[in-house]
Amino acid sequence: MTAQLTAPAPAPDTERFARGAALLRARELGIGVAIVLVFVATTISNHAFANAHSIQQLLTGAALIALLGVGETMVIVTRNVDLSVGSVVGLSAYIVGDVFKHHSGFPVLLGYVLGIVIGAVIGSINGLITVVTRVPSLVVTLAMLYIVRGVDGVIVNGKTIDPAAIPKSFTEVGYRTFLGVPWLAIIVAVVVAVVGYAMRSFRASRDLYAIGSNPEAASLAGIPAGRRVFTAFLISGALAGFAGSLFLALHAQIDVTGGNGYELTVVSAVVVGGVAIFGGSGTVLGAALGALLLNTINQALVAAKISSFWNEAIAGGLLLAAIAFDRWLGLRVARSLQSAQGAHRDA
Amino acid sequence: MNHPVGKEPLLVLEKAAKRFGAVRALEDGSVTLHPGEAHALLGENGAGKSTLVKILAGVHQPDSGRLVIGGTPVVLSGPAASRAAGVSIIYQEPTLFPDLTVAENIFMGRQPRRAGRRIDRTAMNKAAVAVFERLGVQLDPQRQARGLSVADQQIVEIAKALSLDAKVLVMDEPTAALTSVEVERLFDVMRTLREQGAAVLFISHRIEEVLASCQRVTIMRDGRFVSTAPIEEVTADSIIRSMVGRELGALFPKTETDPGETVLEVDHLTREGVFEDISFSVRRGEIVALAGLVGAGRSEVARAIFGIDRRTSGTVRVNGRSLRNGAPAAAMAAGVALVPEDRRQQGLVMDMGIDRNVALASLGRLGRFGLIRRGSERDLASTWADRLQLKFGRMKNEVSTLSGGNQQKVVLGKWLARGPSLLIIDEPTRGIDVGTKAEVHRILDGLVSDGMAVLMISSELPEVLGMADRVLVLHEGRITAELSRAEADEDSIMRAATGYAAVAS
Amino acid sequence: MTPDITTKPSETVSYRGADDGGQPLWRKLVRWETALVFVLIAVLIFGSAKESGFLDGTNFFYISLNMGEIAIMALPLTLIVMTGEIDLSVASMLGLSGTVMGSLFHDGWSVWAAMAAALLVGAAGGALNGLLVAKMGLPSIAVTIGTLTLFRGLAEIVLAPRTITGFPISLTKIGVVPVQGTKIAWSALIFLVLAIIFGVVLHATALGRSIVAIGLQPEAARFSGVRVDRIKFGLYVVSGVFCALAGILFTLKNSSVSYDAGTGLELNVVAIVLLGGVSIFGGRGTVIGVVLAVVIVGCLQQALTQMGVQPEVQNIVTGSLLLVSVLVPNSGELVRRIRARRRRGPVPAA
Amino acid sequence: MTISRTARRRATAILSLSVAGVMLAACGSSSNAGSDPTGKPTATGVKKGLTVYFIPKDTQNPYEVLADQGGKKALEELGGKVVVSSGTADTAAAQIPSIQTAIQKHADAIVIAGNDPSALCPSLNQASAAGIKIVSFDSDISCGTSPNHLFINQADTADVGTSEVDLLAKQIGSTGQVAILSAAASATNQNAWIGFMKKQLTKYPNMKLVSTVYGNDDPATSLTVLQGLLSAYPNLKGIISPTTVGISTAAQYLSNHKDVAKKVTLTGLGLPSQMKSYVKDGTVKSFELWNPNQLGYLAGYAAASLASGSASLQTGSTFKAGTLGSYKVLAPASGVGPSVVLGPPTVFDASNVDKFNF
C-alpha cells in the first residue's frame, strides 16, 4: 500500500480496462455513426436534406420517443418492461388539454406538472402491482395499456381539444428554438443528461443495474429491490406523463389516438440503443440515440423519395439486427476474455 | 491459540430449525462465536451448514430458535439487516453482478461518496485496489465482472466481505477454488481480522486447513449440532468420526470386480478455455472417479461427453461408436446416462410428478406414435421406485416434496430405466443425508457388479477413495494424475488437484 | 473456469417463489379451468339476462365467427408460452400472409396457389423467429417485437395502399354462412379440431411432455435429452403456419385484405392465452383452459357490444381480466409474503 | 381494380341471392321493372319508432361524432332513435360485431362509414337479408349490389378532388411543386379523392405532384412525414391534406415556422373549429369541408325513408330531409352505386370561418 496506491486512478491493467470501456462506448458511438451515415447517404441522394431545418426536425421528431426511452431504460435495466407508456402519453395529454379547455387561465407550468403527476400515478400503480404481487411486468403493463387506453376513451368520448383552447405560451415549447436548437430537444437533452448522470453516479441508480444484472445477488447484497423497481416504474410513468404534456404542446391538439402504439416504438428504440432487454446494462444516452436513429431513418426515407411504406420494415429489421449484433458482440467479448484468461493462468 | 474466556460472545445461534416443505434442512443449528476466534464449522454435505449460513445471512428465517448478536436477541429480516448487524458472508458460490465492474461489485450499496451524495469512482477504485493489496492479488477494479474465472470471482467475494470490516465473518468453503498461495493470503487476512477482535466462522472440507488455522471446531451431522471443542482436543480422525457418525467402511461398500471390455473412450477431448487434451477410458465393471477442485473442469468434461456442451476437438466413443458432437440424444441412444451435478436445476423438473420425472428420459418408449400411455408410464416409475426403495407418498406428487436423497433416487431411476451401459454421475451424494448416502453407494456398487461402467465425479475425497477403482485428477482443465485404487490417497489427490507436483504414477 | 456468473435460468425462479414448493394451496383445490367454467356460466347468465336473444344460434354463429382466427392463433402461442417464450408477431403474420395471398391472387394466381404461398410465407416467418430465438438464443420478446414490425412493414411494402377484393364467392361465404347443419363458423370449427389435436399433443405425447419440461426447467429438459432448440424452432414454425392459416381465413371472411389487416390483435391473443391459465413463465397450462378463455372473451365482447357498452369500457374489461387472471394464481405468493413479513416483526437495532 | 368490377358485382349479386334468398329493390341497375309508384314523398311517409344503427369508423373520430349527432337529431324529429355502435380501432373487424348487433336487435336501418371498402360486405349482406336497409356515408363501401345500398356522398367525389386542386392553384399561381398529405394508405375516400386530384392536376401543366405521404390520421406520424416532405422538397409550394388530422397538424407546424409558411401554401379538408386560429393568423388562407352534422342528418333521413318505404334506391326517387329540403337519388356511376349528394363543399376563409361551430 505504498507508491502504487497513492498514484492517481490508474489500475493494474489499464490496458484491458481501456478496451472494455471502449467496447461499452462503442455502442453509443456506433449509433452516432449510423445516424451520420443515414444523414450523409440521404444528403447525397437529395442535396436539400442537409440544412439546419432538417436537423431541427430530426431532433424534434425524436424528442418524445427519446424522453420515453429514458424512463423505459430505467425499467428495462431492472429486468422489467413498461408497455403502458403509449397509453399514458395519450391520457395525460388529453387531461391536460381538457383542463386548459375548461379553465382558461390555468397556469401553463402547472399544465406540465399535471401531466407528470398523472403519469406518476399510473407508473406507481404499475410498480406497486409488479413489486407486491411479483406478477411479471410484461403482463401487468400490458393490462395497464388496455385499461389506461379504455379510461382515456371514456374520458375523451369523441371530443377533441382544438388548438384554440391551448395557451400559446404552452405550445411555444413545441416550436421555439434557442440558438437554433429546438426547445423540445433541449428539454429532452437535459433530461437525458441529468438521468444519464444520475444513473452513473448514485447508489440507488446503481442498484437498478445490480437488480437487473443478478436479482439473487442483489437480494443477498441487501438491495431493496422492491423499492428500487417501484421507483423505476414511477419515474417511467412520470416521464411518460411529461411526454404527454409535450405531445400536447407539440401538436396543439389531441384526441383519443394520441400516443397509440408508442410502446413498441419506445422498446425498439431502447433496444436498438443497446439496452439489454433482460436487464443489467445499457445507458440512457444510448436509448435516446436509438430514438434519434429511428426517426432519422423515417424522415430520410421521405427525403430520399423512398416510399414511406418502407418505414416499418426497416425499423423491424433494424431492431433484429441490433439484438443479433449485441449477442455476437457479447460472445466475442466473452471468448476474448476467456482466452486472455487462459493465457494469464498458464503463464 | 488464545482461549476466548470470560468475554461476551459476539454471536450465539441456538437450536435454529428450518424446513422446506417436507425437507428438514436444519433441526438444531447451534454455534457460538467469540471475538478474536476463528471457528470451524464442519459436517458433511447435507449436514445443514449452508442453511445455517443462510440464517446468519438473513436469507432464511428460522422456523424456531434464537439468534443473539452482541448480546441483543435479533431477528434478521433480510440480508441488509444481517449486514447491519455486522455479519458478512462469503458464499460457496460467488454471487456477482456480471454487468458491473469489479469495484462496484465489492462496494455495491456502500460506494464511497463525494459532495452531493455522488459516487466517487476514483475513491472506490482506490479502495478496491487497497483491499486487493491486503489479499495480495492483482485484479483490475474497473473491469466488468463478466468473464472472471471462478477463482477471481471468489477473490472478489472475499474482497467484498473484507471491505465491510464486519464483526463476524462467515466463510462458506471459500478456499475450494483457490490456489494454495491465495489460501495462505486468506489465512493471513483471517489472522489480522481476529487480532482486531472479529470472529470468523470458517467452513471447509479440508480438515488440515481447519486444524492449522482455527481455534475451535463445531461439528454438525444430519441437520443437528453434534459438538463444539477446542482445536487441541480433536484430531482429524475424531473429527471425521463425529461428522460421519459411523465407521467409513460401512459407508462405502465395495465389491471387487474384474473390469471387462472398454465402454467409454475419450481421446484428446478439448473445449477451448475450459479443459484441454483429456484422454481416458472406462471399462465395464469399474468406477472411474474424476477428482479435482471446484472449477477444475470436471463437470464440464462430463457435459462435453454427454453432448450438453460442444467440444472444440477430440473424440468420444461409446462401445466403439463415435458420438456426435453436442447431441445428448445421440449419447443417450448410444447408452450413456448422466446424473448431473445440480439436481434441482438439471436433474429434475421439480414441479413435475415422480412418475413423469422418471419417464422423462424414456418418453419415446412409452407408447406408439409419440403418444404416451399413462399406464406404462406409471409401471415404469413404480418398478424403479421399488427397486431403488424410494420413499414417497404418491406417484403424482411433485418431486420437490421429496428429501434430497429420494430426489437423487428419482434421478437415478430415470436413467437406469433406460438400461445404460455407461453411467456418468456427478456428485452422487451432494446434499444427501448419511443414511441415503450409503444406499446410493450400495446402488452404484450393485450396478458395477452387474457390469455397468461408471464415471463418477466427486468433491468428497472419502467417497472417491472409498468407491473408485481408478482416480483421474484434474487441475485447471488438464489431467494431472491417474491413480490406481492402491496409489490414491488424500495427499496424492490433493497434490495433483492443486497442481503442485506432477505425481509420479 | 467457465464464466458461470452470467445469467442463470435459476435467477428467474425467485419470482415464482423458489422455496414454496409449488403451487399455492387453493390452486391445488380449485383448478383454474374449473374457475373458468364458472366465469363462463356467469357470463352466459349475465348475457342472457341483459339480452333476450343472447343464447340463440345466430348469436352463437356470430361469436364463433368473430373469435375464429384469434382462437386459431392462440393455440400455437399456448405451446410457445408453455416453453417459456412468447410470440408477439402473430397478428402481423396474419396480415402478411393475407397480403401475400391477396396480392398473388390479384396478380392472377389461382386462389389455391395463393393460399399455399401464404402458408409458405407463414412457415418462413416462423422459421425466422425460431432461428433467432431457438438457434441464436435471443430473447423472444425483443425478437418478436422486431418481427411484429418487420412482418407488418413487409405487408405494407407489398400491398399498400391497395385493398384486394374479389375472392371466389364459394370461398368467401365462410364469412357469411355457418357450417351446414350447424350454427358454428368455419374458422371456429377448424379451431375446435385443431384444439383437440393441440390438446392431445400437449397432454398425451412425448412432445407435449417435453414442452412442459422445457417450460418448467429448461436445463433439466436438456439434460434429459430433450431437443430444446429443435422443439422451440418447430413451435415457431408451427405458429407461423397457423397464423398464416388464420390470415387466409380472415381474408376470406372479409372477402378483402389490406396490409393493416388484424393490426393489434396480438394483444388479444396473448390476453386469451394468459386468461386461459397458461403461466407466462412456462410449464403450466392446458388447452382446455385456452378454449374456455376464447369462449368467455367472445361471449363477453358480444354481450357488451349488444348492450351498447362503449367499446372503451370493453378495453378496460379486457385489461382487468388479464390482470386478474395473473393476480389470482399469484395471490398465494402474496399472502405468503405478507404473512412472512408479519411473522418477522420489527427488527430491533443491532 | 375497376376493370373487373362489373363481373364481380354480378358475382356478388348471385351470392346475395343464394345466401339471402331475398331479392332487394329488384336488383337496381339490371331491371327497371317494379319501379316505385309512390315516388312522391309525403311528410308523413316515414314510420315512427324506427331504430337506426349508426356505425362510424370508430366511436372517437371527432368528425364522425358530429355526424352521429346529426343522425340523432334527424331520428328525433322523426320519432325514432339512433344507436351508435362501433369499435375503438379503425378496422372492419371492429365494426362487424356492431352490424351483428343491429341484426340481432332487428334494427330498421344501418348507417355505416366503412373502414374497408369490401370487408364489411358479407356482414352487411346478412343485415340486408334480414330486411335492414343499408346506408353508407363518409367512406363508401363497394359491395356492388350485395347488399344494395345508398351512399350519402358528402360532396361529389370528383368535386372534392377537383376543387381542392383549384383552390391550391389559385393561391400559388398554378405553378410549383405540390404534395399530398393523406390519412391511411388504405382509406377509400382518400384514395378516391387523390385519384381525382391527379386527374385535375393534368390541367395545370406547371404544377407538379412530387409526393403523396400518409400520416395515418395520427398527429405524430403526420408531423414526421410532413417534416420529411419539407426536407426532401425545399422548393415545395403547396400541400393538400384532405383529412382533418393531417391539415391541422400541418397548420400547427406552419403557424410556428413562419419561414416555411411563407413558402408553402396549405389547403385541404379541415374542421373550422380546429382551423380557426390558423386562418386568423394567416397560416392558411382557405380550406373546405361540408357540415358533418348535416351529413349525418341527411343520412338519418335517408335511412328512415328507405326503411319506411317512402324512398327507394331507384334513380330519381326523392325524399325529404327535414330542414335540408328534398333530395334525389342519383344514378349509379363509375364505381358508386345509388347515391345522394349533400351539396357542394363549403369553402372556409377568414370571412366566414367564425360562423361555424363544428
Side-chain angles (χ1 to χ4, degrees), chain A residues 42 45-51 53-58 60-62 64-65 89 149-150 152-153 156-166 168 171-172 174-177 247 250-262 265 295 298-305 307-309 311, chain D residues 56 58-66 68-69 84 88-90 179 185 210-236 244-245 248-249 251-260 271-278 280-281 283:
Chain A
T42 313
S45 93
N46 179 354
H47 297 295
F49 192 60
N51 63 56
H53 223 91
S54 299
I55 296 172
Q56 283 178 1
Q57 286 165 5
L58 292 180
T60 317
L64 290 186
I65 297 296
V89 167
R149 192 161 293 166
D152 188 35
V156 175
N157 201 13
K159 297 183 298 263
T160 43
I161 306 298
D162 297 333
I166 299 163
K168 200 79 184 155
T171 57
E172 271 179 346
Y175 60 88
R176 288 241 185 256
T177 58
F247 183 98
L250 180 63
H251 298 296
Q253 56 175 322
I254 177 78
D255 63 9
V256 78
T257 58
N260 266 6
Y262 273 22
T265 314
N295 185 54
N298 280 352
Q299 293 200 4
L301 285 180
V302 183
K305 297 166 195 176
S307 160
S308 60
F309 299 147
N311 281 4
Chain D
D58 66 68
T59 50
Q60 299 278 358
N61 186 321
Y63 172 86
E64 309 253 352
V65 168
L66 287 168
D68 297 341
Q69 284 163 359
V84 179
T88 50
D90 276 356
V210 289
S211 183
T212 303
V213 293
Y214 299 88
N216 294 336
D217 269 353
D218 165 42
T221 315
S222 303
L223 185 62
T224 306
V225 293
L226 171 75
Q227 290 174 345
L229 208 54
L230 294 173
S231 307
Y233 306 98
N235 299 322
L236 197 68
T244 56
V245 177
S248 61
T249 302
Q252 164 73 7
Y253 182 82
L254 292 181
S255 80
N256 294 328
H257 296 81
K258 294 292 183 202
D259 51 329
V260 186
L271 287 165
S273 61
Q274 286 184 345
M275 299 300 290
K276 216 174 281 180
S277 44
Y278 306 126
K280 285 185 182 161
D281 73 6
T283 310

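Worth saying up front: this structure is predicted, and the values here are computed from it rather than measured. Naming convention: chains lettered A, B, ... in sequence-line order (proteins, then strands); numbering from 1 in each chain.
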Q. Taking only residues two or more places apart in sequence, or in another chain, which ones meet Asn298(A) in a side-chain hydrogen bond (donor to acceptor under 3.5 Å, both in side chains)?
A. none
Q: Let me know if Val210(D) has heavy atoms under 4.5 Å from chain A in its side chain, its backbone, both or neither.
A: neither
Q | Heavy-atom proximity to chain A below 4.5 Å, by part of Gln252(D) | A | side chain
Q) For Tyr278(D), is it the side chain, the backbone, both or neither that has a heavy atom under 4.5 Å from a heavy atom of chain A? A) side chain
**Q.** Side chain / backbone / both / neither for Ile254(A) at chain D, heavy atoms under 4.5 Å
**A.** neither
Q: Identify which part of Leu230(D) has an atom lying under 4.5 Å from any heavy atom of chain A, answering side chain, backbone, both or neither.
A: side chain
(Q) Please classify the contact of Asp217(D) with chain A as side chain, backbone, both or neither, using a heavy-atom distance under 4.5 Å. (A) backbone
(Q) Looking at every non-hydrogen atom in both residues, tell me the closest pair between Gln60(D) and Gly153(A) and how far apart they are. (A) NE2-O, 2.8 Å
Q: Check the pair Leu226(D) / Gln299(A) against side chain to side chain contact (heavy atoms under 4.5 Å, CB included), numbers first and verdict last.
A: CA-CA 9 Å; Leu226(D) 171 75; Gln299(A) 293 200 4; over 6 Å; no
Q. Does some side-chain heavy atom of Asn260(A) sit less than 4.5 Å from a side-chain heavy atom of Asp218(D)?
A. no
Q. Is the closest side-chain donor-acceptor distance between Thr249(D) and Gln253(A) under 3.5 Å?
A. yes
**Q.** His257(D) side, atom NE2; Arg176(A) side, atom CZ - distance, nearest 0.5 Å
**A.** 10.5 Å
Q: Would you please indicate yes or no on a ring centroid separation below 6.0 angstrom for Tyr175(A) and Tyr253(D)?
A: no
Q) Rounded to the nearest 0.5 Å, how far does OG1 of Thr171(A) lie from CG of Asn256(D)? A) 6.0 Å
Q | Listed partners of Thr160(A) passing side chain to side chain contact (heavy atoms under 4.5 Å, CB included), at least two apart | A | Asp162(A), Asp255(A), Pro62(D), Gln274(D)
Q) Under 4.5 Å between any side-chain heavy atoms of His251(A) and Leu223(D), yes or no? A) yes
Q) Do Ser231(D) and His53(A) have side-chain heavy atoms sitting under 4.5 Å apart? A) no
Q) What's the shortest heavy-atom distance between Gly228(D) and Val302(A), and which atoms? A) C-CG1, 3.5 Å
Q.
Tell me which of these, Ala220(D), Ser277(D), Ser222(D), has more heavy-atom pairs under 4.5 Å with chain A than the rest.
A. Ala220(D)
